[in-house]
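The structure presented is a predicted model; accordingly, all values stated were derived computationally and were not measured. For the numbers below, each heavy atom of this structure counts, side chains included, while hydrogens, waters and symmetry mates do not. Naming convention: chains lettered A, B, ... in sequence-line order (proteins, then strands); numbering from 1 in each chain.
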There are 2 protein chains.
Amino acid sequence: MGSFYKVTKGIVLVFRSLNDGARQIVGLHSIGDLCGYLEKDGAYNFSGEALTDVEACSFNRRRFDSFVARNPDLASALADDMRDKLKRAAENMAVLGRLKSPERVAYFLLQLSDVYSSKIGLSDPLQLHLTREQIADHLGLRLETVSRAFARLKEERLIAFVGGDAVTILDRKRLASFARLSAV
Amino acid sequence: MGSFYKVTKGIVLVFRSLNDGARQIVGLHSIGDLCGYLEKDGAYNFSGEALTDVEACSFNRRRFDSFVARNPDLASALADDMRDKLKRAAENMAVLGRLKSPERVAYFLLQLSDVYSSKIGLSDPLQLHLTREQIADHLGLRLETVSRAFARLKEERLIAFVGGDAVTILDRKRLASFARLSAV
DNA sequence: CGGTTAATTGATCCTGTTCAAACTAAGTGG
DNA sequence: CCACTTAGTTTGAACAGGATCAATTAACCG
């Protein structure tokens with residue numbers, strides 16, 4: 001708890017476990033994202049798992065906080081980042097609470113391509129890096145359902161598979177309207 | 001967008017609407033909580049609805065931000081608050097993604113009683129203030145399902161109804177383990 | 001007391017889960 | 001180079017939990 005980390009390379013999957021072992025994936029953290037910064041009460045609230053090779057930079061919390069205190073610009077940048085995270089979190093709530101399985105997967109793909117293109121650059125053949133099970137844990141579904149949802153999106157000509165682990169979004173616009181949430 | 005608000009009395013329900021009118025309630029804001037502070041890109045991301053009579057205090061965003069910049073203590077208090085909100089948001093994701101209807105309602109009641117006791121003081125007969133539909137929008141369910149879940153919790157002797165709109169938690173501990181999430 | 005809104009209860013339907021089997025792709029070792 | 005594994009994915013069939021539609025009851029208010 002003395003430190004937190006800033007991802008400098010790769011993708012980290014952040015999740016929360018329930019008592020019985022089921023888990024809910026809470027977010028994908030990539031280059032520039034902080035892991036473990038949002039912790040409180042002396043314990044990490046979430047767990048992380050590297051999806052790809054990951055490099056990260058460790059910060060001493062106390063020293064960082066006091067540095068932030070002396071640098072208002074940094075403080076406001078951090079606040080912006082949190083705003084963004086909170087917005088995403090709320091969006092995800094709507095996804096989990098209101099969307100049907102193919103809509104959730106559509107949303108997930110758009111979100112992932114968004115993360116990739118902003119953090120890593122380019123993403124036409126969109127590399128998933130996640131197994132069906134991890135996607136399922138993210139979307140509050142089972143892996144079989146995710147698989148069927150992919151089949152459905154493919155059948156609708158919204159996406160196409162590229163090799164084993166990658167996907168191309170054929171019609172971004174239609175995919176977005178398929179996932180009934182305006183944003184992304 | 002020039003201002004945001006701090007609730008000084010009552011309870012505000014914060015939600016996000018989908019394109020088709022369905023809505024996902026994202027949180028309950030009560031005394032001390034800020035509404036509209038976490039906005040970005042020149043537009044409010046969420047809508048609010050007063051559950052009770054509400055009084056709030058309006059702040060000019062720009063002036064407030066510059067005040068925060070000069071008061072590191074305030075900045076860190078705000079950061080703490082956001083941390084907490086983000087934690088709750090992630091928790092809610094797990095609720096929406098993994099819990100069955102009676103578990104969700106159990107969680108909701110614990111969370112509500114938590115908000116009340118910390119913000120308003122006392123909550124034995126826990127006043128709901130929300131209709132079944134609002135609760136349903138919060139938990140990603142339909143009102144009929146919420147009603148049945150309440151019946152179930154009552155039948156299990158975990159809660160009891162008090163008059164029209166209030167509930168007593170009979171066995172807090174058992175209710176918490178019923179909602180399979182450790183926290184609250 | 002009638003009239004309105006919210007809550008409950010019931011029956012049916014649909015979506016996603018569960019369990020199980022088959023299939024694929026990528027190793028690994030003979 | 002080919003059988004044999006192994007992890008992940010797809011597909012199928014039966015089942016369960018919520019959604020949906022509809023009818024009834026309860027609570028509130030003028």
*Tell me which residues in residues 142-150 of chain A put a heavy atom below 4.0 Å from DNA chain C, sorted by number, or none.*
R142(A), E144(A), T145(A), R148(A)
*Out of dT8(C), dT10(D), dT9(C), whichever nucleotide has its closest atom nearest the side chain of A151(B)*: dT9(C)
*From dG16(C), dT9(D), dG17(D), pick the nucleotide closest to the side chain of K100(B)?*
dG17(D)
*How close or far is atom P of dG18(D) from atom CG of L99(B), stated in whole angstroms?*
10 Å
*Looking at S101(B), does any N or O in its side chain come under 4.0 Å of the phosphate oxygens OP1/OP2 on dG18(D)?*
yes
*What about F59(A) and Y37(A), are their ring centers closer than 6.0 Å?*
no
*Consider only side-chain heavy atoms of I, L, V, M, F, W and Y, link residues closer than 4.5 Å, and tell whether L126(B) and L153(B) are in one cluster.*
yes
_Between the side chains of R148(B) and E144(B), is the shortest nitrogen-to-carboxylate-oxygen separation below 4.0 Å, so that they form an ion pair?_
no
*Give a yes or no on whether a salt bridge exists between K87(B) and E91(B), defined as a side-chain N under 4.0 angstrom from a carboxylate O.*
no
*Atom CZ of R104(B) to atom P of dG17(D): distance rounded to whole Å?*
13 Å
_Protein-nucleotide distance (R132(A), atom CZ; dG16(C), atom P), rounded to Å_ = 17 Å
*For DNA chain D, whose closest nucleotide is more 5', that of R98(A) or that of D165(A)?*
D165(A)
*To the nearest Å, how far apart are R152(B) CZ and dA7(C) C1'?*
19 Å
*Axis-to-axis angle between the two ends of the helix from dC1(C)-dG30(D) to dG30(C)-dC1(D) (five base pairs per end, rounded to 10 degrees)*: 30°
*Any donor-acceptor pair under 3.5 Å linking the side chain of Q24(A) with the backbone of H138(A)?*
yes
*Quick one: do D84(B) and R88(B) make a salt bridge, cutoff under 4.0 Å?*
yes
*Are L139(A) and Y116(A) connected in the hydrophobic side-chain network, where two residues link if heavy atoms are under 4.5 Å apart?*
yes
*Can you tell me the distance, in whole Å, between the CD atom of E103(B) and the P atom of dG18(D)?*
8 Å
*Determine, for D80(A) against R83(A), whether the closest basic-nitrogen to carboxylate-oxygen distance falls under 4.0 angstrom.*
yes
*For K154(B) and dT9(C), give me the distance from atom NZ to atom C1', rounded to whole Å.*
13 Å
_Quick test of your reading of the model: are K85(A) and D81(A) salt-bridged, counting only N-O distances below 4.0 Å?_
yes
*How close or far is atom P of dT10(D) from atom CG of L153(A), stated in whole angstroms?*
12 Å
*Just call it for G140(B): base, sugar-phosphate, or nothing, with non-hydrogen atoms closer than 4.0 Å on any strand.*
sugar-phosphate
_Protein-nucleotide distance (E133(B), atom CD; dA7(C), atom C1'), rounded to Å_ = 12 Å
